[in-house]
Amino acid sequence: MANENEPRPAETTTLSKSERAYAFIKERIENGSYSPGFRLVLGQIAKQLDVSVVPVREAVRRLEAEGAVTFERNVGAQVAMVDEREYFYTMETLSLVEGKATALSAPFVSSLDLVEARDINAEMTACLEHFDPHRFTELNLEFHAVIFEHCPNPHILDLVHRGWNRLALLRDSTFSFVPGRARESVEEHERLLQLIESGAAPLEIELAARAHRTGTLDALLNHQANQGR
């Protein structure tokens, strides 16, 4: 009979390298350190854990099987989007209420507001050279807040705020998945500002703001359709 005081084999009391890598990555996905769209660079993670790339790759494959990670050719492994259906519904709703809020806000947007919005958009343009999707998303909210916060209808404005808050919970940045959409976005921002500046009809501003929002959603849907081929 085996002596109960004898030490057990090491493999039964310690995590394997692959299991360590799995736990390391999963914890960071769950606590938000690795947000949706975050690119998992296997070599960097391996260096952090002081292991080879092999166990990290095994961990990523396991997380991919669980749906926590996606893999795309020429891009690599990324943290998967969260609750895609809710994201789509939120974007569709936000396109409606934000479009209306922007149109109602337009008469109250001052020349100083336009200067501020253009400064933010210029910073977004600068982000394109060394693209940081998360910073770009932060600036995107700052830009839109300048042109919708003057909305005189508090109920519509509350719905806009709720939509943006829900987006932040569902996913940090769409632009992680469709970075090419970012350049189109800053160009559309300037067109929106020109409409507001020129005193365009409210419906024209509303439709432009709505199309701007749905354009991002369409880009993501096309991206996913191409992935599924």
Following the transitive rule for hydrophobic clusters with a side-chain heavy-atom cut-off under 4.5 Å over Ile, Leu, Val, Met, Phe, Trp and Tyr, establish whether [X] and [Y] coincide in one cluster.
X	Y	answer
Leu192	Leu207	no
Val51	Val41	no
Ile45	Val54	no
Phe108	Val115	no
Leu217	Leu96	no

Is it true that [X] and [Y] make a salt bridge, defined as a side-chain N closer than 4.0 Å to a carboxylate O?
X	Y	result
Glu92	Arg213	no
Arg166	Glu86	yes
Glu58	Arg62	no
Glu138	Arg135	yes

Could you tell me whether a side-chain N or O of [X] sits under 3.5 Å from a main-chain N or O of [Y], the two making a donor and an acceptor?
X	Y	result
Asp158	Pro154	no
Asn121	Val186	yes
Ser105	His150	yes
Asn222	Asp218	yes

(message) Test of understanding: with salt bridge (Lys or Arg N to Asp or Glu O under 4.0 Å), list the residues that count as partners of Glu184, not counting sequence neighbours.
(response)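 In terms of salt bridge (Lys or Arg N to Asp or Glu O under 4.0 Å), with neighbours along the sequence ignored, Glu184 is linked to Arg181.
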(request) Only pairs at least two apart or in different chains count here, so list each ring pair (Phe, Tyr, Trp, His ring centres under 6.0 Å) that has a residue in residues 180-205. (result)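 Counting only pairs at least two positions apart or across chains, the ring pair (Phe, Tyr, Trp, His ring centres under 6.0 Å) contacts touching residues 180-205 are Phe143-His189, His144-His189, His189-His212.
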(request) Please say whether the positively charged group of Arg28, taken as NZ for Lys or CZ for Arg, lies over the ring of Phe24, i.e. under 6.0 angstrom from the six-membered ring centre and within 45 degrees of the axis. (result)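 Yes, cation above the ring, under 6.0 Å and within 45°.
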(message) For Asn140 and Thr137, which I'm curious about, is there any donor-acceptor pair between the side chains at under 3.5 Å?
(response) no
(request) Tell me yes or no: between the side chains of Glu190 and Gln194, is some donor less than 3.5 Å from an acceptor? (result)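 Indeed, the side chains of Glu190 and Gln194 share at least one donor-acceptor pair under 3.5 Å.
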(request) Assess whether side-chain contact (heavy atoms from CB on, under 4.5 Å) is satisfied between Leu193 and Arg118, documenting all intermediate values. (result) CA-CA 8 Å; Leu193 295 179; Arg118 284 196 166 100; 3.4 Å; yes
(message) With heavy-atom distances below 4.5 Å as the criterion, would you say the side chains of Phe38 and Gln78 are in contact?
(response) no
(message) I want to check something: taking the side chain as every heavy atom from C-beta on, are Glu64 and Thr70 in contact at a cut-off of under 4.5 Å?
(response)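 Result no, sub-4.5 Å side-chain heavy-atom pair not found.
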(request) Could you pull out the closest heavy-atom pair between Ala209 and Gly99, with the gap in Å? (result)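 Heavy-atom minimum between the residues: CB-CA, 3.8 Å.
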